Amino acid sequence: MRKESKTIVITGGAGFIGSHVVRRMVTRYPQYTIINLDALTYAGNLENLKDIEKSPNYIFEKGDITDEAAMKALFEKYAVDAVIHLAAESHVDRSIADPLQFVKTNVLGTANLLNVARLAWQGQFEGKLFYHVSTDEVYGSLGETGFFTEETAYDPRSPYSASKASSDHFVMAYYHTYHFPVIMSNCSNNYGSYHFPEKLIPLMINNIINRKPLPVYGKGENVRDWLFVEDHASAIDTIFHHGKQGEKYNVGGFNEWTNIDLVHLLCKIMDEKLDRQPGESASLITYVTDRPGHDLRYAIDASKLNKELGWKPSLQFEEGLAKTVDWYLANTEWIKHVTSGDYKKYYENQYDHR
Ligand code: NAD
Ligand code: TYD
């Protein structure tokens, strides 16, 4: 897509990755109107976007992607050129506790959004784009060797990954059936600022700050491939503007860590930053019962994105992790708000009087 003026709906823009994508698009492309469509579940927090909320090309719309009438009204209100779809339930542990919520949001919500966009754009697909943001978890679990490529067969193993795999299939089905203009990317684990402290890295940072136990599942031998969230946002920007319709792109950091090594590295960084004795934070590590069906290893081969579109990650992990720790140490109020639910009050103050 060329960089003329456009109206882009970003779903899930108040979440972790979505807020970085919204910030990047609002600030880099003043000629675009960016509409952040978010239901503000527990994971959505408008405080993540405080710095850009007054930008003239930014609009927030509260709405639920599973609500057909609300999505139709959105497409009637705005002449939408593109959708970047990030809204989802995203936490594996929550999907084990409440799988049907994941079916509702991730499967039904995506199918609903696709259908509303298809009907709104009917006969005029030229210049339109539906960009679906997905995860490497759809590919299942690797052994000790090998990588996920774009050709790897889907083999999801958690209710979260099964729901994301299903949404990916709907996206490709719309491409093949209706020639609906789609593009998709599957990314590895992200880390960085504004990450809700129920996921591994922000949870460990928060617990280290508060000298609480650091719960490592099983033996801590599971491997994840970590990517700095701003690098994911830059990949989404690249794919949105230069990717080929009907294609999918894997996004990853070529950066594999066992959970236990990662937690030790975090402890070391934080001992230094908090002026603690070496080993003080690591003494908080506590092995707990493993996650059921815990995928052993994820590792992304992101060479297609590099070769075809020239994207590569900008940061080394140690540098990104140190930056992330600095952000959490400087933003203890943010952590307090999201852990106490105070941000909901912020939303009411900002938006309920409109
Ligand atoms: P998140 O949980 O932090 O944010 C999700 C956002 O979606 C929240 O703002 C929430 O309010 C909103 N939302 C949830 N249900 C909604 C609904 N029914 N209608 C409208 N909005 C709704 O998630 P995240 O970690 O930022 O992930 C964003 C996307 O990226 C997801 O699709 C996820 O599958 C994908 N992804 C995440 C990672 C990761 O490491 N976090 C990696 C690869 C892909
Ligand atoms: P998580 O951040 O939930 O991401 P995902 O499950 O989508 O990869 O977890 C990352 C890894 O860390 C995963 O192997 C599970 C593990 N983990 C722990 O060991 N302890 C924790 O408290 C959490 C939240 C995760």
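Just follow the structure's listing: the first ligand is 1, and inside any ligand the first atom is 1. Counting from 1, the numbers follow the sequence of the chain as shown. Source: prediction; values computed, not measured.
- The shell of residues lying under 4.0 angstrom from ligand 1, judged by heavy atoms, includes G63.
- At the top of the distance list for atom 7 (O) of ligand 2, counting protein heavy atoms only, stands E137 OE2, 2.6 Å.
- For atom 40 (O) of ligand 1, the nearest non-hydrogen atom of the protein is N190 N, 2.9 Å.
- The proximity of L200 to ligand 2, defined as any non-hydrogen pair under 4.0 Å, involves the side chain as well as the backbone.
- The closest approach between any non-hydrogen atom of G109 and ligand 1 is not below 4.0 Å.
- Proximity of S19 to ligand 1 is not established, as no heavy-atom distance is less than 4.0 Å.
- Within the 4.0 Å heavy-atom cutoff, T11 does not count among the residues contacting ligand 1.
- Note: Y191 and W226 have perpendicular aromatic rings, judged against thresholds of 30 and 60 degrees for the angle between ring planes.
- Checked for salt-bridge contact, E230 and R24 miss the test: no charged N lies under 4.0 Å from a carboxylate O.
- Aromatic ring orientation, Y29 versus H241: tilted (interplanar angle from 30° to 60°).
- Scanning the protein for heavy atoms near atom 38 (C) of ligand 1, the closest one is I17 CD1, 3.5 Å.
- At a heavy-atom cutoff of 4.0 Å, ligand 2 is contacted by the side chain of H294 but not by its backbone.
- Of the protein's non-hydrogen atoms, the one nearest atom 11 (O) of ligand 1 is D38 OD1, 2.5 Å.
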Inset, instruction - Take H169 and Y154 through the ring-ring contact (aromatic ring centres under 6.0 Å, His included) test and state the conclusion after the steps. - result: CA-CA 10 Å; H169 289 317; Y154 277 27; 5.0 Å; yes

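- Using a distance-only test at 3.5 Å, with no hydrogens or angles considered, a donor-acceptor pair links the side chain of K164 to the main chain of V133.
- Distance alone, capped at 3.5 Å, is enough to place a donor-acceptor pair between the D225 side chain and the I300 backbone.
- For a threshold of 3.5 Å applied to N or O pairs, the pair formed by D93 and ligand 2 contains no separation below that value.
- Here N189 has side-chain heavy atoms under 4.0 Å from ligand 2, and that is the only part of it that gets that close.
- When hydrogens are left out, the protein atom nearest atom 42 (C) of ligand 1 is S188 O, 3.3 Å; that is the closest non-hydrogen contact.
- The pair E319-K323 fails the salt-bridge criterion, with no side-chain N (NZ, NE, NH1 or NH2) lying under 4.0 Å from an Asp/Glu carboxylate O.
- Residue contact check for ligand 1: Y160 places a non-hydrogen atom closer than 4.0 Å to it.
- For the pair Y217 and ligand 2, the shortest N or O to N or O distance falls below 3.5 Å.
- Remark: minimum distance from atom 18 (N) of ligand 1 to any protein heavy atom is reached at D64 OD1, 2.8 Å.
- Among F16, F196, Y298, the residue whose heavy atom lies nearest to atom 3 (O) of ligand 1 is F16.
- With a 4.0 Å cut-off on non-hydrogen atoms, N186 does not touch ligand 1 at all.
- The side chain of K164, and not its backbone, has at least one atom closer than 4.0 Å to an atom of ligand 1 (non-hydrogen atoms only; side chain from C-beta on).
- In terms of protein heavy-atom proximity, atom 43 (C) of ligand 1 is nearest to C187 O, 3.3 Å.
- Residue nearest to atom 44 (C) of ligand 1, selected from G18, A88, S134: S134 (by heavy-atom distance).
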